[in-house]
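Input: a single structure, listed below in structure tokens.
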Amino acid sequence: MRSSLLRSVKTLARPTTARAYSVDSVPSRKVTVLGAAGGIGQPLSLLMKLNPLVSQLALYDIGGTPGVAADVSHINSRSEVAGYMGDDQLGQALEGSDVVIIPAGVPRKPGMTRDDLFNINAGIVKSLCTAIAKYCPHAIVNMISNPVNSTVPIAAEVFKKAGIYNEKKLFGVTTLDVVRAKTFYAGKANVNVAEVNVPVVGGHAGVTILPLFSQATPKANLSQDDIHALTKRTQDGGTEVVEAKAGKGSATLSMAYAGAIFADACLKGLNGVPDVVECSYVQSTITELPFFASKVRLGKNGVEEVLGLGPLSDYEKEGLEKLKPELKSSIEKGIEFVK
């Protein structure tokens, strides 16, 4: 998925010619970014503007969106861009959307856990999902707003109350965990990162993030200590960035990249591209928990199939049992917030 998006970006960076891409051969798709003026939203909007699968790009936030939209709209790529600002324009931003991406909310700061974000971001997500239920009930929803372990269950409960819930169209974006696991593994194994694949399962916070390095390809003869260190670094990747930015930001650029990768996969699935598989946090029955991140096959209906965990090492089995209580608590917290 990563290489295909990069090829799209490189194509669009070249001078436009009649043969750059055929609009007639690509379905029209509207993508809406909610929180488009924020730290994640701005680079994510840029990357979605570069995606040739997008024909309409709607950018929404509580403020600052007209400037972001004007800036991004000057890029010579396929999509038409419109900016929307404030509650009275939210419906217009959402109407007709095929994919809605939600990076809205406050970022994590030093010393904050994802649970510390809950009280603010939960209310924002609830409000936005209420509007989605009204204006684009059939859209695929990509949830980036943290804590994802709780905000996805919040979205599900809002959609259930509105009578429009479709578990196949609600995704928690955990792609950044996969991106980090691939990068860190490639560095330690000394292999080409473009060829690396590492499934990451569980959730999207701390110990709930479980990279399955035993299934990583290409195979590398890493020690158990290396696997432990790689797992810990993947789990703490967000904290690593927050501390490196010394309180002045969080993982915005890498998250925007990961969000664009996953949105691209959803669009490919909608367009009928076969065998599109990404890890995502979705309604699931592969464990006793109602929501769980694992490999998911994407298609015209959103989730086509939630894939199993595959063979786990003893260390991964231990990690799986360790993450369940925390993930269960986060899910319950999201559900109770709406109820």
Side-chain angles (χ1 to χ4, degrees), residues 1 4-5 26-36 40-41 44-45 47-49 51-60 79 90-91 93-104 125-126 128-145 148 151-160 162-176 178 204 255-256 258-284 291-307:
M1 303 305 159
S4 64
L5 181 59
V26 181
S28 295
R29 298 293 181 193
K30 179 179 178 180
V31 174
T32 299
V33 180
L34 302 181
I40 297 170
L44 177 59
S45 298
L47 291 170
M48 296 316 298
K49 178 67 172 111
N51 191 317
L53 302 181
V54 181
S55 56
Q56 287 180 270
L57 182 60
L59 307 181
Y60 173 83
S79 55
L90 178 55
L94 290 170
E95 284 178 344
S97 296
D98 295 289
V99 177
V100 178
I101 313 172
I102 312 179
V125 166
K126 182 180 178 182
L128 294 174
C129 288
T130 300
I132 290 170
K134 181 177 180 180
Y135 294 105
C136 56
H138 304 298
I140 283 177
V141 176
N142 291 356
M143 184 68 68
I144 292 174
S145 302
V148 165
T151 54
V152 169
I154 286 171
E157 290 302 311
V158 170
F159 294 154
K160 285 175 186 176
I164 61 96
Y165 180 53
N166 182 347
E167 72 275 11
K168 296 179 181 295
K169 295 196 171 185
L170 176 60
F171 298 89
V173 180
T174 60
T175 314
L176 181 52
V178 177
H204 185 57
M255 184 62 249
I261 291 290
F262 188 74
D264 181 66
C266 289
L267 289 166
K268 285 184 169 72
L270 282 174
N271 291 351
V273 176
D275 298 320
V276 179
V277 176
E278 292 286 345
C279 291
S280 183
Y281 181 65
V282 297
Q283 182 172 311
S284 173
F291 294 93
F292 199 83
S294 67
K295 287 183 180 179
V296 175
R297 179 171 288 108
L298 303 169
K300 292 183 177 181
N301 299 307
V303 175
E304 294 294 338
E305 183 181 7
V306 178
L307 303 176

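Throughout, residue positions are numbered sequentially from 1 according to the sequence presented.
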> After noting the C-alpha distance and the side-chain angles of Leu128 and Val100, does the key distance pass the side chain to side chain contact (heavy atoms under 4.5 Å, CB included) rule?
Replying inline: CA-CA 10 Å; Leu128 294 174; Val100 178; over 6 Å; no

> Any idea which heavy atoms bring Leu267 and Met48 closest together, and the distance?
Replying inline: CD1-CE, 4.2 Å

> Partners of Glu305 by salt bridge (Lys or Arg N to Asp or Glu O under 4.0 Å), sequence neighbours excluded?
Replying inline: Arg297

>> So which atom in Val173 and which in Gly259 form the shortest heavy-atom distance, rounded to 0.1 Å?
In response: CG1-CA, 4.3 Å

> Name the one of Val178, Thr175, Val296 that satisfies side chain to side chain contact (heavy atoms under 4.5 Å, CB included) with Cys279?
Replying inline: Val178

> Do Ser145 side-chain atoms and Ile102 backbone N/O form a donor-acceptor pair below 3.5 Å?
Replying inline: yes

> What is the distance from atom CZ of Arg29 to atom CG of Asp98, rounded to the nearest 0.5 Å?
Replying inline: 5.0 Å

>> As a quick check of understanding, evaluate side chain to side chain contact (heavy atoms under 4.5 Å, CB included) for Leu90 and Leu34, giving each step before the final call.
In response: CA-CA 9 Å; Leu90 178 55; Leu34 302 181; 3.9 Å; yes

> Hey, what's the ring geometry for Phe159 with Tyr165, parallel, tilted or perpendicular (30° and 60° as the breaks)?
Replying inline: parallel

>> With rounding to the nearest 0.5 angstrom, report the CZ to OH distance, Phe292 to Tyr281.
In response: 9.5 Å

> Backbone N or O of His204 within a donor-acceptor pair of the Thr174 side chain at under 3.5 Å?
Replying inline: no

> Taking all non-hydrogen atoms of both residues, which atom of Pro27 and which atom of Asn271 are closest, and how far apart?
Replying inline: CG-OD1, 3.5 Å

> Between the side chain of Ser294 and the main-chain N/O of Leu307, is any donor-acceptor distance below 3.5 Å?
Replying inline: yes

> Nearest 0.5 Å, what's the CG-CD1 distance between Leu47 and Ile261?
Replying inline: 8.5 Å

>> Among residues at least two apart in sequence or on other chains, which ones pass salt bridge (Lys or Arg N to Asp or Glu O under 4.0 Å) with Glu304?
In response: none

>> Using every non-hydrogen atom in the two residues, find where Ala260 and Leu44 come nearest and quote the distance to one decimal.
In response: N-CD1, 3.6 Å

> Which distance, rounded to the nearest 0.5 Å, do you find between the NZ of Lys160 and the CD of Glu167?
Replying inline: 9.0 Å

Only pairs under 3.5 Å count here: list side-chain donor-acceptor contacts from residues 129-144, not counting sequence neighbours, and write none if there are none.
unit_1: Thr130; atom_1: OG1; unit_2: Lys126; atom_2: O; d: 2.8

> Out of curiosity, Asp264 CG to Asn51 CG, how far, rounded to the nearest 0.5 Å?
Replying inline: 4.5 Å

> What pair of heavy atoms forms the shortest contact from Leu59 to Ala36, and how long is it?
Replying inline: CB-CB, 3.6 Å

> Are the side chain of Thr32 and the backbone of Ala93 linked by a donor-acceptor contact shorter than 3.5 Å?
Replying inline: yes

> Can any side-chain N or O of Ser79 pair as donor or acceptor with the backbone N or O of Leu57 at less than 3.5 Å?
Replying inline: no

>> Ignoring hydrogens, what is the shortest heavy-atom contact between Ile40 and Pro103? Give both atom names and the distance.
In response: CG2-CB, 3.8 Å

> Taking atom NZ of Lys30 and atom OG of Ser97, what is their separation to the nearest 0.5 Å?
Replying inline: 4.5 Å

